[in-house]
Q: 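My questions all concern the structure below.
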Amino acid sequence: MLTECPLPSVLTAALSALLGVLTLLHLRRLWLQTRRITLQHYAPGPPPKSWLAGNHADVPEHKAWYAYTEWGKKYGMYRLLSLVFDADLAIGDVIHIRIYGRHYLILNSVVAATDLLEKRARIYSDRPPSLMLDIKGWLFATGFKPYGDSWRRHRRLLQQAFKLDSLVAYRPIQTRKVNDMLYGILTAPKEFTSFYKSVSAAIVMSVMYDYDLAPQNDRYVSHAEKAMAALSDPAFSSLVDIIPGFRYLPAWFPGASFRQEAAKIRAETDAMLEIAEQFVKKKMAEGHDLPCLMTDLMKYCKSQEDYDILKEAAATGYVAGADTTSSALGTFFYAMAAHPHVQKKAQEEIDLVVGSHRLPHWDDRPFMPYVEAVFREVIRWRAITPFGISHCTTDDDVYRGYYIPKGTIVVPNIWGMTRDEQTYKNPEVFEPERFLTEDGQLNNDNVGYTFGFGRRICVGRHLASSTFWYAMANVLATLDIAKKKDAMGNDLPLEVEYSFALVSHPLPFDCSVKPRSQHVAQTILDNQRAAAEML
Ligand code: HEM
């Protein structure tokens, strides 16, 4: 007969004791911080509900950006003024909360975000440390790297690849992939979601690795999607970040099941990093000269470290670029189906500038202000990264008289900025005209804040802008998007829900997509045939 082994219970007792000690030490640190907190003058915000957890219970688990925007109205610095003068000044663009001893500063206006994240970039360019992201293998990504040497090297490399002048070189890839998308939608209109979703991913993979994504079930995409589950919590405030000692608990320990989940994600992240690299190495060994960033830069790598930086920065391109641009395209399809008068006006402008013998090209962009206004309104109406990516301070600071301690997590509430009623009247309404002057010219608001701020501003913003604009203009030129109809020919209602991860995108929805004419359908087919012959 088997005797029961006492080891697990001894281990559990020892680990419980260790955990008890770690928790006590942590509580002591929190107590000291809380004492300091009460002596300082922080920005306004909701009063903490508990001594230990602070505002933890105030922050909704999902879509917290709504709550942050509301707090701005409730606790804003102008609140008092608005009560005294009965004026509409209740804007709180700087809000402070505390969660388990961590300070958070929420920035609800472009002015405050620019003042701090750009003008004081020297001390506002770090990222919050996240043990959970580390365990899941995500600290390879440029966007999550601490403000230091490794980040600088990543940034230099990506900036070089995606600066405005470098983009002309990617146009043939963008043209081919956008035509693939139009051809896909033309031949299988019901699948329009999968085609708009894959176009940005296909462009980034081609630019980075000369890797042609499979239309469906691509191995790289499958690993990347699973790895990106790590980013489903935009605040990255897991238990292990609150009590770092939890990191060392074995997965079987009560409350430590997150380790199994984290291990699975890490395996997917590692696989994602490996696949593209192996693809490039194999092709090179076979004697192919791949025209892509990875092979261009590989020849300058002098050490394993150089090579690792290149490999990580290239992989960041996919994770940062694919989902974001496809979210914009998803919102564009939704907005056009829901607002046929906007679609018609944009199509009329394109027809006027481009004519009917060709499709829109980048050089047409400056001559189509209304299409540009649609572009801006799409990225304002449904923020792609509602929280941006949090920054973190590396020194104490004071802003408008408020104390901001070193280590504060600074959250640019981009969603809140898109809802600023001083700038955007009726912000919920989809209205491209808000970006036009009375004589039909574009105003100065290019919604650049959707790409973040300061030294950490999105490195792929020019590529994203040109891919999205080109795809959007070509869809408008060739397809009619509309709501589905019932048997009586009436429009069916269209309400689209959005996901609430770091990148928020429209959940699958249905609409009708048809070619505008037989002539444009033929142009798409001809372009596709010509591209196939060139391969
Ligand atoms: C519409 C599409 C996109 C949007 C809305 C977007 C938005 C953002 C935002 C808000 C940030 C954080 C900035 C900050 O910390 O203040 C960011 C960072 C970043 N983005 Fe984008 N992005 C898009 C497309 C792309 C593309 C296509 C690429 C690359 C191919 C890219 C690469 C990056 C990288 C590498 C970072 C990290 C920068 C750093 O931490 O230094 N993004 N992006």
Side-chain angles (χ1 to χ4, degrees), residues 65 107 110 113-114 116-118 121 124-128 138-148 150-163 166-167 170 173-174 177 196 199-209 231 234 292-293 309 312-332 375-376 378-392 409-415 417-418 446-472 502-505:
W65 45 88
L107 306 178
V110 179
T114 311
L116 297 180
L117 307 181
E118 276 182 32
Y124 281 85
S125 297
D126 205 3
R127 295 290 190 210
W138 265 90
L139 290 194
F140 78 86
T142 317
F144 302 133
K145 288 216 168 265
Y147 187 51
S150 168
W151 166 77
R152 248 175 235 110
R153 293 180 65 189
H154 269 232
R155 180 96 199 175
R156 222 173 288 135
L157 194 149
L158 288 171
Q159 234 158 239
Q160 187 61 23
F162 295 125
K163 66 180 189 314
S166 311
L167 292 191
Y170 307 137
I173 294 173
Q174 288 169 301
K177 297 296 176 188
Y196 82 65
V199 67
S200 44
I203 289 171
V204 176
M205 288 302 282
S206 202
V207 167
M208 293 292 183
Y209 307 104
L231 311 180
C292 67
L293 197 82
I309 298 236
E312 291 176 354
T316 302
Y318 177 85
V319 294
D323 224 17
T324 42
T325 315
S326 77
S327 160
L329 270 168
T331 297
F332 164 71
F375 171 101
R376 293 180 186 184
V378 167
I379 55 179
R380 183 206 67 86
W381 191 51
R382 291 289 183 267
I384 297 163
T385 53
F387 270 150
I389 305 179
S390 296
H391 291 221
C392 187
I409 296 173
V410 185
V411 182
N413 181 13
I414 291 176
W415 191 87
M417 297 173 201
T418 68
N446 66 1
V447 209
Y449 59 84
T450 42
F451 291 104
F453 301 89
R455 293 183 192 171
R456 306 296 298 237
I457 193 171
C458 173
V459 89
R461 62 195 182 285
H462 303 303
L463 180 72
S465 169
S466 74
T467 296
F468 176 41
W469 182 87
Y470 187 72
M472 196 188 89
L502 178 69
V503 178
S504 169
H505 47 82

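Just follow the structure's listing: the first ligand is 1, and inside any ligand the first atom is 1. Hydrogens, waters and symmetry mates are skipped; everything else that's a heavy atom, side chains included, is used. Residue numbers count from 1 along this sequence.
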Q: Look up atom CG in D323 and atom OH in Y318, then write down how far apart they are to the nearest 0.5 Å.
A: 7.5 Å
Q: How long is the straight-line distance from NZ of K145 back to CZ of R153, given to the nearest 0.5 Å?
A: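 The CZ atom of R153 sits 10.5 Å away from the NZ atom of K145.
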Q: What distance do F451 atom CZ and H462 atom NE2 have between them, rounded to the nearest 0.5 Å?
A: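 Atom-to-atom, F451:CZ and H462:NE2 are 9.5 Å apart.
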Q: Give yes or no for whether the N/O distance cutoff of 3.5 Å, strictly under, is met between G317 and ligand 1.
A: no
Q: In the protein, how many N/O/S atoms are under 2.8 Å from atom 21 (Fe) of ligand 1?
A: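 N, O or S atoms of the protein closer than 2.8 Å: 1.
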Q: Roughly how far, to the nearest 0.5 Å, is CZ of R461 from OG of S466?
A: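 Going from OG on S466 over to CZ on R461, the span is 12.5 Å.
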Q: Which ligand 1 atoms, with their elements, are less than 4.0 angstrom from a heavy-atom of W151?
A: 39 (C), 40 (O), 41 (O)
Q: Among F468, W469, Y470, whose ring pair (Phe, Tyr, Trp, His ring centres under 6.0 Å) with F375 holds?
A: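 Looking at F468, W469, Y470, the match for F375 under the ring pair (Phe, Tyr, Trp, His ring centres under 6.0 Å) is F468.
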Q: Any idea which atoms of ligand 1 are less than 4.0 Å away from a heavy-atom of R155?
A: 38 (C), 39 (C), 41 (O)
Q: Could you state the interatomic distance from OH (Y196) to OG (S327), rounded to the nearest 0.5 Å?
A: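 Y196 OH to S327 OG: 8.0 Å, rounded to 0.5 Å.
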Q: Cation over ring, R152 on Y147, under 6.0 Å and within 45°?
A: yes
Q: Near L158, which atoms of ligand 1 are under 4.0 Å from a heavy atom of that residue?
A: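 Numbered from 1, ligand 1 contributes 35 (C).
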Q: Hey, are T142 and T316 close enough side-chain-wise for a donor-acceptor pair under 3.5 Å?
A: yes
Q: For atom 14 (C) of ligand 1, which of the options E118, M208, R456 provides the nearest non-hydrogen atom?
A: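 Result: the heavy atom closest to atom 14 (C) of ligand 1 is in R456.
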Q: Out of curiosity, I414 CD1 to T385 OG1, how far, rounded to the nearest 0.5 Å?
A: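 Taking CD1 in I414 and OG1 in T385, the distance rounds to 4.0 Å.
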Q: Nearest protein heavy-atom contact for atom 1 (C) of ligand 1: which residue, which atom, what distance?
A: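 It is I384 CD1, 3.7 Å.
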Q: Looking at H391 and Y124, what are the two nearest heavy atoms and their distance?
A: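 Scanning both residues, the minimum pair turns out to be ND1-O, 2.8 Å.
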Q: Can you list the ligand 1 atoms lying under 4.0 Å from a non-hydrogen atom of T316?
A: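 Here the atoms of ligand 1 in question are 35 (C).
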Q: For ligand 1, is there an N or O atom under 3.5 Å from any N or O atom of T450?
A: no
Q: So does C392 get a backbone contact from the side chain of R127, meaning a donor-acceptor N/O pair under 3.5 Å?
A: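 Such a contact is absent between R127 side chain and C392 backbone.
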Q: What part of K145 sits under 4.0 Å from ligand 1 if we count only heavy atoms: the side chain, the backbone, both or neither?
A: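 Looking at K145 and ligand 1, no heavy atom falls under 4.0 Å.
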Q: Is it true that a side-chain atom of S166 and a backbone atom of Q160 form a donor plus acceptor pair closer than 3.5 Å?
A: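 A pair under 3.5 Å: yes.
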Q: If you measure from each heavy atom of A328 to ligand 1, is any distance below 4.0 Å?
A: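 Not so, A328 does not reach ligand 1.
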Q: My understanding is that only residues two or more places apart in sequence, or in another chain, count here; which of them pass ring pair (Phe, Tyr, Trp, His ring centres under 6.0 Å) with F162?
A: none
Q: For ligand 1, which atoms, with element, lie under 4.0 Å from some heavy atom of H391?
A: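 Heavy-atom distances to H391 below 4.0 Å select 14 (C), 15 (O), 16 (O).
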Q: Determine whether the side chain, the backbone, both or neither of H154 has a heavy atom under 4.0 Å from any heavy atom of ligand 1.
A: neither
Q: At under 4.0 Å between heavy atoms, is it the side chain or the backbone of F162 that contacts ligand 1, or both, or neither?
A: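 The answer is the side chain of F162.
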Q: Could you tell me, atom by atom, which parts of ligand 1 come under 4.0 Å of a heavy atom of T142?
A: 40 (O)
